[in-house]
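The structure under discussion appears below in the form of structure tokens.
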Amino acid sequence: MTKMGILAGAAALALAAVLGGVTTASADDARLEKLKEQGFARLAIANEPPYTAVAADGKVSGAAPDVAREVFKRLGVDDVAASISEYGAMIPGLQAGRFDVVTAGLFMKPERCEAVAYSEPVLCDAEAMLVKKGNPKGFRSYEDVARDPSARIGAPGGGTEEKLALNAGVPRDRVIVVPDGQSGLKMVQDGRIDAYSLPVLSINDLVQKANDPNLEVVAPVEGAPVYCDGAAFNKKDTALRDAFDVELAKMKESGEFAKIIEPYGFSAAAAISTTREKQCAAQ
Ligand code: 6CS
């Protein structure tokens with residue numbers, strides 16, 4: 001090949017790389033541009049206070065949507081629109097394009113970290129069990145529930161607590177899928193289940209609102225990890241996730257992040273002290 005040919009070839013390669021670079025970058029930015037034009041980001045939530053909540057008038061609140069609303073505002077996406085979903089349906093819904101992001105306290109676990117693109121940590125919490133006053137079956141752990149052949153535990157379908165109970169050896173027919181907190185509360189009150197498991201802040205919120213002296217909280221559940229969630233994006237949207245992380249980091253640094261989540265009972269320090277990498281590696 002002549003010298004001219006080599007130069008022309010190199011120039012063509014350089015041009016392709018630049019265009020390729022620009023194309024790649026513009027493809028990544030396209031997602032954020034689309035949300036800006038749309039005027040809102042579609043959130044998946046669970047309606048499990050204080051993580052997520054939908055008031056009678058439809059107003060969405062809770063620590064996770066409030067953080068997401070502020071981050072998206074800083075990215076130029078003016079608002080958020082939320083759909084309520086069961087935890088087990090959130091990742092499939094995200095992958096099917098029904099939501100732009102899951103902001104529901106969807107805890108980071110290795111298998112979920114494989115399936116979605118998580119932001120850096122937002123909300124951290126231990127696990128709890130709601131039981132009758134006096135904790136008549138003496139539950140301290142999911143293993144305790146497994147050991148008692150008559151014991152039934154309620155948990156969200158596809159949720160962390162369901163998995164923890166099954167992994168602790170509770171047979172499938174004694175792990176009862178419960179659609180929401182109010183149902184779980186009632187099932188414990190009626191004796192249809194012996195324990196209802198959610199993260200500590202969710203159980204505390206239920207008990208506080210129930211104002212029922214015949215209930216008791218076992219917290220933290222012994223042997224269960226402290227989990228942290230992140231905003232969960234479709235794996236195709238890592239550029240959007242990275243943009244979200246830039247603003248989240250600024251809010252953690254400025255104190256704005258703490259101002260949003262701590263009134264809900266969450267610890268900003270807990271989220272700031274860990275990383276997505278550590279949470280996704282944890283068992
Ligand atoms: O990530 C989860 O699966 C759990 N997260 C919350 C906030 N509530 C229950 C759910 O199982």
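This is a predicted model, so every value here is computed, not measured. Numbering of ligands and ligand atoms starts at 1, following listing order.
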Would you mind listing which atoms of ligand 1 come within a distance below 4.0 Å of any non-hydrogen atom of [X]?
X      : answer
Thr160 : 1 (O), 2 (C), 3 (O), 4 (C), 11 (O)
Leu106 : 1 (O)
Glu48  : 6 (C), 7 (C), 8 (N), 9 (C)
Ala104 : 7 (C)
Pro199 : 6 (C), 7 (C), 8 (N), 9 (C)
Gly159 : 3 (O), 11 (O)
Pro156 : 9 (C), 11 (O)

Pairwise disulfide bond (SG atoms under 2.5 Å apart) hits with a residue in residues 103-184, at least two apart: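 Found Cys113-Cys280, Cys124-Cys228.
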Mode of Arg112 contact toward ligand 1 - side chain, backbone, both, neither (heavy atoms, under 4.0 Å): side chain
Within-4.5 Å side-chain heavy-atom neighbours: Asp229 and Val102: no
Side-chain heavy atoms of Glu161 within contact of Tyr196, under 4.5 Å: no
Hey, is ligand 1 close enough to [X] that some N/O pair sits below 3.5 Å?
X      : result
Ser202 : no
Gly105 : yes
Tyr51  : no

CA sep, side-chain torsions, deciding dist, call: Phe266, Tyr51, ring pair (Phe, Tyr, Trp, His ring centres under 6.0 Å): CA-CA 9 Å; Phe266 293 97; Tyr51 287 85; 4.7 Å; yes
Phe107 and Tyr227 aromatic ring geometry - parallel, tilted or perpendicular at 30°/60° bounds: parallel
Residue pair Ala89 / Phe99: nearest heavy atoms and the distance that separates them: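 For Ala89 versus Phe99, the nearest heavy atoms are O-CE1, 4.2 Å.
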Atom 10 (C) of ligand 1: the protein heavy-atom neighbour that sits closest, reported with distance to 0.1 Å: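 Its nearest protein heavy-atom neighbour is Glu161 OE1, 3.4 Å.
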Euclidean distance, Arg112 CZ relative to Ile91 CD1, rounded to 0.5 Å: 5.5 Å
Side-chain H-bond candidate by donor/acceptor type, Lys137 with Ser150, under 3.5 Å: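 Present: a donor and an acceptor within the cut-off.
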